[in-house]
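Structure record follows, encoded as structure tokens.
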Protein chains: 2
Amino acid sequence: MVSVGPRRFEHDVVNFRLACDDFQHRVQPERSDHVDKFELKLDQAARAAWLSYVGGRTQDEIASQLGVSRPGVQRLLALARQEGLVKVHIDHPLANCMVMSDAILKRFGLEFCDVVPADPDAADSSAHYLAVAGAERLSRYLDRSEPLTLSLGTGRSVRAMVEALSRIDRPQHRFVSLVGNVARDGSANRYDGVMVLADKTGGERFLLPAPVVAGSVEEKQAMLSQHLFQAIAEVAKQAEAAFIGIGRIDRQATLFQDHFISETELEELLSLSAVGELLGWPLNQAGEVIDCSITRRVTSLPLEMFRDQSLVALAGGRDKGPAILAALRGGWLKGLITDENAARFIIESENL
Amino acid sequence: MVSVGPRRFEHDVVNFRLACDDFQHRVQPERSDHVDKFELKLDQAARAAWLSYVGGRTQDEIASQLGVSRPGVQRLLALARQEGLVKVHIDHPLANCMVMSDAILKRFGLEFCDVVPADPDAADSSAHYLAVAGAERLSRYLDRSEPLTLSLGTGRSVRAMVEALSRIDRPQHRFVSLVGNVARDGSANRYDGVMVLADKTGGERFLLPAPVVAGSVEEKQAMLSQHLFQAIAEVAKQAEAAFIGIGRIDRQATLFQDHFISETELEELLSLSAVGELLGWPLNQAGEVIDCSITRRVTSLPLEMFRDQSLVALAGGRDKGPAILAALRGGWLKGLITDENAARFIIESENL
DNA sequence: TCATCGATCGATCAAATGATCGGACAGGAA
DNA sequence: TTCCTGTCCGATCATTTGATCGATCGATGA
């Protein structure tokens, strides 16, 4: 899955390295006849490149046309690409997305990164695309016929993803919710993502009978020691991949709006410069889990548990940028599905 | 040598056909879900194209990344190219030349066409490039070790070409001058192209002991019946290729300036709408040899003789455009070495 | 409901491409 | 002059790419 290195067109990110190679090549022989020779070679390279990329000739044809051997043509083409003579442009709105996706992928060592297009003006324009892209990735797992365990976080994005999924019969699969589906008032969320997913596939469902954040440290301990909780946690540990959302930490934060944390607690998190949360675990700008009074009451499985799973995050919108960036910096994610706006924020923040 | 058809990038000329194919595909299913489906496919195609051409991924990598089979990726890439999503630009002054060269090559069914860059302001800027390009082609023949017969016309371009040639030891080759090296006053040109070429290679030289245009029909007949003349003509017939210049027919014409034809004769040619000449044979705009009083006195070998030889013409400059175009239209040439200015004239005249 | 048509998809093979290696050649130092 | 060193060039092999063909799936109409 990991790219084995630049193969054909070395633009964008890679160009930098090649430019350096070039530097060593060209600056050393400064004398004019050498430069002339180089220019001549470049001319030939340009011809070869044109014949190959625009004219669509094969290297054999080019070879006989330019009067060199085929390997010679190959060297000319390589030269032309190194010197940046060949410019490829993909004429499609997705091209930008691909550029950013690739940059993020490489920067944070992800296994995949999908960036869906979004209109910067229309705030929620990308929500549906995000859901579809997520469903696409999700169904990649579900397609398999061998039994599979997947875990899901909460959030609008995750929810929309499973709703965008088309029905598929996979009774052998198991789905676990990573985040308690019980609100602080004790009401259970009947429409948890796992429920929908299990309905659509006919698979088994495992729901965590707990709130995200317990009322007290003691309550958390009590919950963690429950047999049922431990059994479900055990299933979650076997999951191959986890699809989760990324939460902001500010007054619009889901954690706060849904009353999982109080205003005082929010203030505390903000004062500790939390910028996002993963499964209820608050992260600072560097992506480290912040140790504070709230952390000690979070009932979610510890993030370390997901080191050997494919932790896939879905989140979009420029507002979520800082939170997504934190998750990336922490190295928690294996996959990211986001939108153009958030991606642009990340690219800018990291100077990519 | 002939192109076997579009292979990879179908731009420029070929794009037209592909656009038609596309038309049939896309217009028939006008219903919106079909269009949507097509759009989705195009999105995928854009992604695939980006990953392949910009990202430099291999098709296998793209396949696993997009979750389709490798042939699927191939179809996506083909689609992307058909739809014109992939734009390739060669960032080099020669790119224009290559475009024109290719257009001329295809339009007139040449075996090769070299277009060298030229500054439209500096009139003679391309003369040297032309010579070098010609020498390049010439040495392609000379490199061969088997005995070879080549014939040469006259003119500054041909002369410059042989001078640009580097020395090479080929005593087995034979070189024939196609145009008399005797001026009307009887003086022989000691520095004929053939002389230089034979000097540089050590090959045999055959010079036509005649002026281009004889003084009268009788003189021509006398000359053609000479044994020496016939012997040399016989050698010329065995030539594999002929490198010749292309002459204008106007007051700047070499034929006229060197007094091979008189002012009256020039007027006659112009009144018959001659626009150029090949080895002294005047051509009209369609490239047909004009039958007139001068034609009957031209001592050069008939152009028909070169139908099964590689007749290669060297000529540049916008002024020579009409003459070159005539030679091309007549279908006399197998190869053309010209410059940007002349090429542009040809492209514009033929609406390419 | 079934048969047929069409389209799409993936396995297979041929062609084209990229990379490595050994050898030749030129330029420079002993 | 001879040897050495670095560079360039072309033969060969592995990989990648393109194209064809049969199979499968879904749609359409009887």
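As a basis for the values below, the full set of heavy atoms in this structure was taken, side chains included, without hydrogen atoms, waters or symmetry mates. In what follows, every chain begins at residue 1, and chains take the letters A, B, ... in the order their sequences are listed.
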**Asked** Are any of R57(A)'s side-chain N or O atoms less than 4.0 Å away from OP1 or OP2 of dT17(C)?
**Response** no
Kindly give the atom pairs (protein nitrogen or oxygen, nucleotide nitrogen or oxygen) under 3.5 Å for nucleotides 22-24 of chain C.
none

**Message:** Please report the distance, rounded to the nearest Å, between CG in L79(A) and C1' in dC8(D).
**Reply:** 14 Å
**Asked** Between atom CG in L76(A) and atom C1' in dG18(C), what is the gap in whole Å?
**Response** 14 Å
**Item:** Separation of dG18(C) C1' from I62(A) CD1 (nearest whole Å)
**Value:** 14 Å
**Request:** State whether T58(B) places a side-chain N or O below 4.0 Å from either non-bridging phosphate oxygen (OP1 or OP2) of dT17(D).
**Result:** yes
**Fill in**
Hits for ring-ring contact (aromatic ring centres under 6.0 Å, His included) against Y141(A), two or more places apart or cross-chain, chain-then-number order -> F243(A)
**Prompt:** Using 4.0 Å as the upper bound for N to carboxylate O, is an ion pair formed by D102(A) and R107(A)?
**Reply:** no
**Request:** Enumerate the residue pairs fulfilling salt bridge (charged side-chain N to carboxylate O under 4.0 Å, His left out) with a member in residues 45-55 of chain A, sequence neighbours excluded, ordered by first and then second residue.
**Result:** none
**Message:** Just the rounded figure in Å: distance from P of dT17(D) to OH of Y53(B).
**Reply:** 10 Å
**Complete:** Those residues at least two apart in sequence (or on a different chain) that pass side-chain hydrogen bond (donor to acceptor under 3.5 Å, both in side chains) with Q59(A) are R70(A)
Quick test: give all pairs of protein nitrogen or oxygen and nucleotides 20-24 of chain D nitrogen or oxygen below 3.5 Å, distance rounded to 0.1 Å.
none

**Atom pair CG (L152(B)) and CE (M195(B)), whose distance is rounded to the nearest 0.5 Å** = 13.0 Å
**Asked** Which whole-number value in Å describes the distance from L51(B) CG to dT17(D) C1'?
**Response** 16 Å
**Item:** Sequence-distant partners of D143(A), side-chain contact (heavy atoms from CB on, under 4.5 Å), two or more places apart
**Value:** I168(A)
**Prompt:** Among dG18(C), dG10(D), dT17(D), which nucleotide sits nearest the side chain of Q59(B)?
**Reply:** dT17(D)
**Partners passing side-chain hydrogen bond (donor to acceptor under 3.5 Å, both in side chains) against H92(A) (at least two apart in sequence or in another chain)** = D43(B)
**Request:** Using the salt bridge (charged side-chain N to carboxylate O under 4.0 Å, His left out) rule, collect all pairs that involve residues 162-175 of chain A, keeping only residues at least two apart or in two chains.
**Result:** R159(A)-E163(A)
**Prompt:** Of all residues at least two apart in sequence or in a different chain, which pass the side-chain contact (heavy atoms from CB on, under 4.5 Å) check with A131(B)?
**Reply:** A160(B), A164(B)
**Request:** Check whether any side-chain nitrogen or oxygen of Q74(A) sits under 4.0 Å from OP1 or OP2 of dG10(D), and answer yes or no.
**Result:** no
**Complete:** By nearest-heavy-atom nucleotide on DNA chain C, the more 5' of V68(B) and R70(A) is V68(B)
